[in-house]
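Have a look at the structure below, then the notes.
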Amino acid sequence: MSATRNEPPVDIDLAKAQGLAEDEYGQICDILGRVPTYTELGITSALWSEHCSYKSSKVYLREFPTEGEHVLQGPGENAGIVDIGDGWVAVFKMESHNHPSFIEPYQGAATGVGGILRDIFTMGARPVACLDALRFGDIDAPRMRYLIDGVVRGIGDYGNCVGIPTVGGETSFHSGYNENILVNAFALGLARRDRIFHARASGAGNPMLYAGSATGRDGIHGATMASEAFGSESESKRPTVQVGDPFAEKIVLEACLEVMRTDAAVAVQDMGAAGLTSSAFEMADRGGVGFRLNLDRVPLREPNLSPYEIMLSESQERMLLVAHRGRQEEVVKIFERWGLEVAEIGEITSDGRAQILAGGEEVASMPISPLAANAPMYRRPVAVPSDLAARQEPPEVPEPSDPGTVLERLLDTPELGCKSWIWRQYDHTVRTNTVIGPGGDAAVLVLKGSTGGLGLTSDVNPVYCSLDPATGGAQAVAEAVRNLACVGAKPVGLTDCLNFGNPENPEVSWQFREAVRGISAGCRAFDVPVISGNVSFYNETEGRSIPPTPTIAMVGVIADVRNLPAAHFTAVGDRVLLLGQDANEFGGSAYLRLLYGVEQGAPPKVDLEAESRLAGLLRFLVSDERIHTAHDLAEGGLGIALAEACVGGGLGVDLEIDCQPHQLFSETQARAIVAVAPNTAEQVMAEAEKRDVPVVDVGAVGGTALKLRCDGAVVNSEVEELHRIWSTALPRALEM
Amino acid sequence: MTVRARVTVYPRPEILDPQGKAIAGALGRLGFDRVLDVRAGKSFEIELAEGSGSVEEELGQISEKLLANTLIEDYSVELLESESA
Amino acid sequence: MKCGVVVFPGSNCDHDVYHVLKHSLGQDVHFLWHGDSSVRDCELVVLPGGFSYGDYLRAGAMAVHSPIMAAVRQLADNGGRVLGVCNGFQILLEAGMLGGAMRRNQSLRFECRDAFLRVERSDLPFTSGYRSGQVLRMPIAHAEGCYIDTEEALDKLEHNGRVVFRYVDSEGGAAEGEQAAKWNVNGSARAIAGVCNEAGNVLGMMPHPERCADKLFGNDDGLAVLASAVGVAADLEGVLA
């Protein structure tokens, strides 16, 4: 090992400064049988960061059901894979890019999209759709308009340029995100079942190829940054901003898919978090092999990068490939035809070690599998939040004096207003697969060459999760199932993005454990496996954590995407049927939060069996083409669901509902509205009763107003006026 | 009296400049073999009224606050000329 | 008809156009690589949408210098059909094949939504499947689609009947007055959405006909652009192929 480089001496203090704990430093010294070199220390600190090692979450993530009849690849690869029939597989994953987006919203969000797309096409799948789940703070909080604008532009400019439609997602606002916004990006790709690619290196002597953009100092220690809470010194970490180049991504994508069609490549992996380090180590570890890298051959964007910097750079749009010896020329030719830089930077070895050379010297020599196998794993202390019992006390629910006015006030919030200001900036129709785009319960894609398709949705209610993370976790799964059912999609798998505060805080660890428990219960009840996912901890600023936010993105299959119901009313005279039974639940409701600033009480109960019955009924009705409209009840309850169904198609309703006025805004789960032709209403009601789903005919579609009579109150609001309020609420609040 | 100035904003040298990179590639394909690198920036011509404080200082603030994203961009200020109104 | 779809680095609607030409219209379609110097014997060449060279510098500016463009120009000069959609339109403008230029949308944002177009001429190879004055609904998805030229040039364009599609309101009325920005989605001069050359064999348009060419998507208003271009009757049922 050389001591000639101008590198700081490695000791426990330097290790700590790089984010390693004292016992972790001891562990790496034991594994190596000596003090690590500076480069080795950087590699260890990246590989053992929370972001790469899942050290605080692993013990809980094991609870997730990850297997099922359709699952071809569960967690542990770049993305999960499910069989969707006809020889096709869907490859999908969701990932967070929270910290970078708070620091530089445009580039942070853009590179988040770039990273998740690479995770998909490295599996041999062509990305065909994105979803984005965004959580912002109060619009009036410092920098918030700038953050919102930057994130939306960043996602749009990147996805639009690469040509992958953003077909859905969700956006919500809560003061808990004032200092830690969340940007969760989901991507889905399609591949033939027999063309799946794995990032598993093999074959001693096979060359390792570097392809794509050159390496700069971008984002060095980004993985470590994502594993730390924000403090005031985060400002000074700014030079680690990565810049995305969607044009480079697009040609890297095309070139990689072309390479994979040749069978000349053994394995392909994106240089994502922790760059060359994680891609090389992970590929080698999966294949049980070693590698030798010569850093002098890595294409550099600026001179004089140290081995440490080259190994940890997070420059974007770079891929690491292992080619079959003797066929690397085929790979090189394809990349060169696409105008991309490509270099042979090393080879696979059989000794299971990572040997890294620079300037003719060895700068690292580490055993690979002990590094992975001995990665730290913590069962952090947990504690029920001290204020939880008080926050779960039943809230007082004021009776609205005029439910019509309440409805208008709720529609006038960014939370419940139309989000088209955001999704109009995203290309959602490119690739011509989008049957239902953003704005509905779930997005729908057709699988070209068939009548079948996929439904996609992302869901979570952070307020529920903050009041009871287990219920909130189960609710997110249940709502995703319900949203898919509204378009007739049967779930085949989900991916998650678990956003939490600092896991070293026992209350946060408790939230995490509970949320995982709730999600697992949901998965088992609906028989939906978790096939991939991501954990984002340390979403905390100066001790203030975000509300627990386990985002769930779920994918379902649809046998026939022709004649799907809309989420809005489409035909005058249709009967409006209310499915499910209200239980007058207001804990964590939009009604209390948005009108009274109260986040109080236990969240609505999640009855997984009732949800299953409802979802089964909805899927049956959709496949039987018996309903014109299906829309689930969520935030804001029946009142908001009806308003959305009216404004979406510009049609009114005339309804009679047996409830107290405030119950219009109750958020009891396992409910939906459907609209059916009058002559089939009876059949549909009989079907619901047969399946033990409560059903009541509440009136008819027609007229220009949302008219509704309940116990002692009347709503009579012109749909045009509701539409005006709802459609302009967000841009007005943003002043854009 | 008014003062005219030019503010030029460039991506910082260590930051990737996708646009410059693509333009450099296109120039190469057009046969401009001597082109080694291109950085793509923006230029702003600004007219200011004569005032009490330092013009350079004010332009610095203008650049820091709005024109440049100093996370990823550098700027330079050049005074062009002064004109009588 | 033998058709070519040009693939520039960054094209992303190439597969969408290919799909409609091949599977909905049953044509003999080929991808043409930007680095090739011939369009072979294609009678129709489509420059598809996307972000050629990332749209860096100016949309279409770098794609113009691709070797294939000389062949495309020659095809146009010889009376062959050339259709540029979205980025393809921008490339045709940068190539000087249609006159005028593109600016960023008036909103200064990427806009993805449906626009309404009026067919101003139905006597072109690309519009023979429509009636003159017919109103079409067609998706747009672009950030730089605000067509501009000098007043004099615009007058001449109008006089020569080279405006093929114009943004209108949903009833076919002029996109003017208070609601102008709602209908003239990018703020184009004289609400111009598509223009052709003098001979009528080169058409550039910002809206995407290939994205509304199948009833499955609730809209097949665009099918006739491509169907007319290859000489097929456009009253085909939307097909899932």
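Sequence lines set the chain letters: A, B, ... in the order given, protein chains first and strands last, and positions in each chain run from 1.
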Legend entry - From CA spacing to verdict: ring pair (Phe, Tyr, Trp, His ring centres under 6.0 Å), A:F247, C:F51: CA-CA 8 Å; A:F247 170 59; C:F51 286 71; over 10 Å; no
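Across all their heavy atoms, C:D16 and A:V430 have their closest contact at OD2-C, 3.9 Å. Among all heavy-atom pairs drawn from A:N433 and C:F217, the shortest one is C-CE2, 3.7 Å. A pairwise comparison of heavy atoms in C:A141 and A:D427 identifies CB-OD2, 3.5 Å as the closest pair. In plain terms, the two heavy atoms of C:G10 and A:K250 that are nearest each other are CA-CG, 3.9 Å.
Taking 4.0 Å as the cut-off between side-chain N and carboxylate O, C:D214 and A:K448 do not count as a salt-bridged pair.
At a 4.5 Å heavy-atom cutoff, the contact between C:Y56 and chain A is made by side-chain atoms alone. Heavy atoms closer than 4.5 Å to chain C are found in the side chain of A:R153, but not in its backbone. Contact annotation for A:D245: both backbone and side-chain heavy atoms come within less than 4.5 Å of a heavy atom of chain C. Neither the backbone nor the side chain of A:V152 comes within less than 4.5 Å of any heavy atom of chain C. When heavy atoms are compared at a cutoff of 4.5 Å, A:S420 does not approach chain C at all. Within the 4.5 angstrom heavy-atom criterion, only backbone atoms of C:S11 (N, CA, C, O) approach chain A.
Annotation for C:Q106: atom CD does not count as buried by contact number, only 12 or fewer foreign heavy atoms lying within 6.0 Å. Around CD of A:E720, the count of heavy atoms belonging to other residues, nucleotides or ligands within 6.0 Å does not exceed 12.
Within the model, atoms CZ of A:R431 and CZ of C:R211 stand 10.5 Å from one another, a figure rounded to the nearest 0.5 Å.
The backbone N or O of A:C161 sits less than 3.5 Å from a side-chain atom of C:N12, completing a donor-acceptor pair.
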